[in-house]
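Order of the sequence lines sets the chain letters (A, B, ...), proteins ahead of strands, with each chain counted from 1.
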Amino acid sequence: MNIENNFSANLLAWFEKHGRKDLPWQHPRTAYRVWISEIMLQQTQVVTVIPYFERFIKTFPNIETLANAHLDQVLQLWTGLGYYARARNLHQTAQIIVNEFNGIFPDKLEELINLKGIGKSTAGAILALAFNQSQTILDGNVKRVLSRCYIIENSNENELWELAKQLTPIQRTAEYTQAIMDLGATICTRTKPRCLECPQQLICQAHQQGVETCFPIPKQRKALPIKQTQMLMIQNAQQEILLQRRPLKGLWGGLWIFPMCEESVEEWFKEHSEEKIAKKYIFPMFRHTFTHFYLDITPIHILMAKKSQFDLPNSQWFSTEKIEVGLAAPVVKLLQQLTSFQLIGA
DNA sequence: CAGCCGTGGAT
DNA sequence: TATCCAAGGCT
């Protein structure tokens, strides 16, 4: 018996007792629900995803309802989850599956990979979890488990894929796939792995050598640049707030945010409006952290004397109680602050 | 192919 | 508080 067989056998035996079997997307485990969950789980922890998944499925119980929805509603349900291209791709892919696949979820690797937002690993996960096909995944969990178990130092992507494929069993692939993710998420964690509870402790090379936490070798990160901006929280006499829709590509694509400006507020107003500012209040600056830069935001609340006109592309007045579009996280935070600020009666 | 794309949890 | 980074994919 080779070591690969031991690996999957150990894992499957462990899964029966200790695997996660009550995650929301496992009941029922349809392709649609597995797909939604896999997209949400990209670079996002299970705890964070669960409430989003519940709301999303409740609103869009099947692929037709998702395909027929407005992008704004999809992005609203995605607000706070990040990586908003995932939501845009999800919406577009739903329409393609309805229109070109007759609403039937594709079950071939090539077809899945050609869909927006579904890469090699997500395609493998959908086929393994929802269709029980013998397909391989290579996500963060699998990379961590394999790089420790087989001590892979310069984690070469192709090498890891080959190893992952060799270890994937022909049968019970759905259980195996869930199991290896569960192992990575609950036992073989990044910090403080619980090796004494691990079904692979006898074959794990890193554990034998006592160097579990040395793997996977962390990538060196560059220092994050700091950018600065002002967010204009412009409110008219009807208490409505002015928001502007971001272009579909790029940061916060398709979301609505407060108008941002780098120059002085007075100069910005000269360019975009003829109205006069009734009241201006500068909030304390705060830092928003992205993956690749910091954004220091100075919020400025501006009260207009009447229902004002703005020469600002893709902008619209919203009632603060009814905003049914996607919002960037700092905008949500500031809207909450503004509401409590006004409740106090300042 | 390296940079881009979010946010919040954990330490 | 600062840092890392989580069920990755796209360009």
Side-chain angles (χ1 to χ4, degrees), chain A residues 19-20 23-26 33-53 75 78-90 92-93 112-130 135-145 156-158 160-161 164 174 176-186 188-193 213 216-227 246-255 257 286-295 297 326-333:
Chain A
R20 293 178 293 186
L23 296 169
W25 39 91
Q26 295 176 320
R33 293 162 58 93
V34 168
W35 170 52
I36 302 293
S37 72
E38 284 303 321
I39 301 299
M40 285 187 170
L41 286 161
Q42 287 170 1
Q43 300 291 288
T44 313
Q45 296 179 346
V46 169
V47 206
T48 306
V49 164
I50 287 177
Y52 282 89
F53 179 83
L75 289 172
W78 212 270
T79 290
L81 202 51
Y83 287 138
Y84 298 93
R86 295 184 295 173
R88 302 195 303 272
N89 290 333
L90 206 63
Q92 186 187 342
T93 291
L112 286 176
I113 287 177
N114 285 333
L115 295 169
K116 287 280 179 62
I118 300 180
K120 212 169 161 185
S121 188
T122 299
I126 293 170
L127 293 176
L129 294 171
Q135 295 286 354
T136 302
I137 66 166
L138 186 64
D139 64 2
N141 287 311
V142 180
K143 286 179 185 172
R144 190 169 55 255
V145 170
N156 177 304
E157 197 83 354
N158 294 327
L160 282 169
W161 265 111
Y176 171 86
T177 302
Q178 186 61 50
I180 196 165
M181 290 191 290
D182 289 353
L183 188 72
T186 66
C188 196
T189 50
R190 185 173 62 88
T191 56
K192 295 183 184 175
T213 52
I217 297 171
K219 294 176 183 175
Q220 51 183 4
R221 293 179 180 268
K222 295 178 179 176
L224 304 184
I226 303 173
K227 302 181 183 181
R246 302 274 300 176
L248 285 179
K249 289 187 178 180
L251 194 72
W252 290 331
L255 300 186
I257 63 166
F286 69 95
R287 175 165 292 181
H288 186 74
T289 306
F290 292 96
T291 315
H292 48 301
F293 68 95
Y294 295 113
L295 185 61
I297 300 171
L327 298 172
V331 174
V332 174
K333 174 181 174 170

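- Side-chain contact between Leu75(A) and Leu255(A): present, with at least one pair of heavy atoms (C-beta onward) separated by less than 4.5 Å.
- Look at the C1' atom in both dC1(B) and dC5(B): the space between them is 16 Å, to the nearest Å.
- Ala125(A) comes within 4.0 angstrom of no nucleic acid atom, judged by non-hydrogen atoms across all strands.
- The side chain of Asn141(A) lies closest to dA7(C) when the candidates are dA7(C), dC4(B), dT7(B).
- Side-chain N/O atoms of Arg144(A) and base N/O atoms of dA6(C) include no donor-acceptor pair closer than 3.5 Å.
- Residue Lys222(A) places at least one side-chain N or O under 4.0 Å from the OP1 or OP2 atom of dG3(B).
- Regarding Leu112(A), its CG atom lies at a distance of 12 Å from the P atom of dG9(C), rounded to whole Å.
- Look at OH on Tyr83(A): it is 10 Å from P on dC5(B), rounded to the nearest Å.
- Between Leu251(A) and Thr48(A), the one whose closest nucleotide on DNA chain B sits nearer the 5' end is Leu251(A).
- Mapping Gly117(A) and Pro218(A) onto DNA chain C by nearest heavy atom places Pro218(A) closer to the 5' end of the strand.
- Two residues are said to be in side-chain contact when any heavy atoms from C-beta on lie closer than 4.5 Å; Arg287(A) and Ile226(A) meet this criterion.
- Remark: Lys333(A) is positioned above the aromatic ring of Phe286(A), its terminal NZ or CZ atom under 6.0 angstrom from the ring centre and at most 45 degrees off the axis.
- Note on ring orientation: taking the six-membered ring where Trp is involved, the planes of His288(A) and Trp252(A) are tilted (angle from 30° to 60°).
- In the set dG8(C), dT7(B), dA7(C), dT7(B) carries the atom at the smallest distance from any side-chain atom of Pro330(A).
- Between Phe290(A) atom CZ and dT3(C) atom C1' the separation is 18 Å, expressed in whole Å.
- Within the 4.0 angstrom heavy-atom criterion, base atoms lie near Val46(A).
- Within the 4.0 angstrom heavy-atom criterion, no nucleotide atom of any strand lies near Ile39(A).
- When rounded to the nearest whole Å, the span between CD1 of Ile257(A) and P of dG6(B) equals 12 Å.
- If you take CZ of Arg287(A) and C1' of dA2(C), they are 11 Å apart, rounded to a whole angstrom.
- The residue Leu224(A) sits apart from the nucleic acid: no heavy atom pair falls under 4.0 Å.
- Thr44(A) contributes a side-chain N or O that forms a donor-acceptor pair with the base of dG6(B) under 3.5 Å.
- Side-chain nitrogen and oxygen atoms of Arg86(A) include none within less than 4.0 Å of the OP1 or OP2 phosphate oxygen of dG8(C).
- Taking atom CG on Leu295(A) and atom C1' on dC4(B), their separation rounds to 15 Å, with Å as the unit.
- Of all nucleotides listed (dG6(B), dC4(C), dA6(C)), dA6(C) comes nearest to the side chain of Gln45(A).
- Taking side-chain N and O atoms only, Trp252(A) has a distance below 4.0 Å to OP1 or OP2 of dT7(B).
- Regarding contacts with the backbone of dG6(B), every side-chain N or O of His288(A) stays at 4.0 angstrom or more from both OP1 and OP2.
- Heavy atoms of Trp25(A) sit under 4.0 angstrom from at least one base atom.
- Separating the CH2 atom of Trp78(A) from the C1' atom of dC5(B) is a distance of 13 Å, rounded to the nearest angstrom.
- Both Asn89(A) and Gln26(A) lie close to DNA chain C; mapped to their nearest nucleotides by heavy-atom distance, the more 5′-ward contact belongs to Gln26(A).
- Between the C1' atoms of dA7(C) and dG3(B), the separation comes to 22 Å (whole Å).
- Distances from the side chain of Thr291(A) to the nucleotides dA7(C), dC5(B), dG8(B) place dC5(B) closest.
- Taking only side-chain nitrogens and oxygens, Thr122(A) comes nearer than 4.0 Å to OP1 or OP2 of dG9(C).
- When side chains are defined from C-beta on, Tyr83(A) counts as touching Gln43(A), because their heavy atoms get closer than 4.5 Å.
- For Ala185(A), whose side chain is taken as the heavy atoms from C-beta onward, the closest listed nucleotide among dC5(C), dT7(B), dA7(C) is dA7(C).
- Here the closest non-hydrogen pair linking Arg88(A) and Leu248(A) is CZ-O, 2.9 Å.
- Taking 4.5 Å as the limit, every side-chain heavy atom of Leu183(A) sits out of range of all side-chain heavy atoms of Asn141(A).
- Inter-residue side-chain proximity for Leu41(A) and Val46(A) is flagged as met; some heavy-atom pair is nearer than 4.5 Å.
- Side-chain N/O atoms of His292(A) include none lying less than 4.0 angstrom from OP1 or OP2 on dC4(B).
- Closest-nucleotide positions on DNA chain B for Arg190(A) and Gly253(A) were compared, and the one nearer the 5' end corresponds to Gly253(A).
- Tyr294(A) has no side-chain polar atom (N or O) that falls below the 4.0 Å cut-off from OP1 or OP2 of dA2(C).
- Residue contacts shown for Thr289(A) include a base, since a base heavy atom lies under 4.0 Å away.
- The distance from atom CD1 of Ile137(A) to atom P of dA7(C) is 10 Å, rounded to the nearest whole Å.
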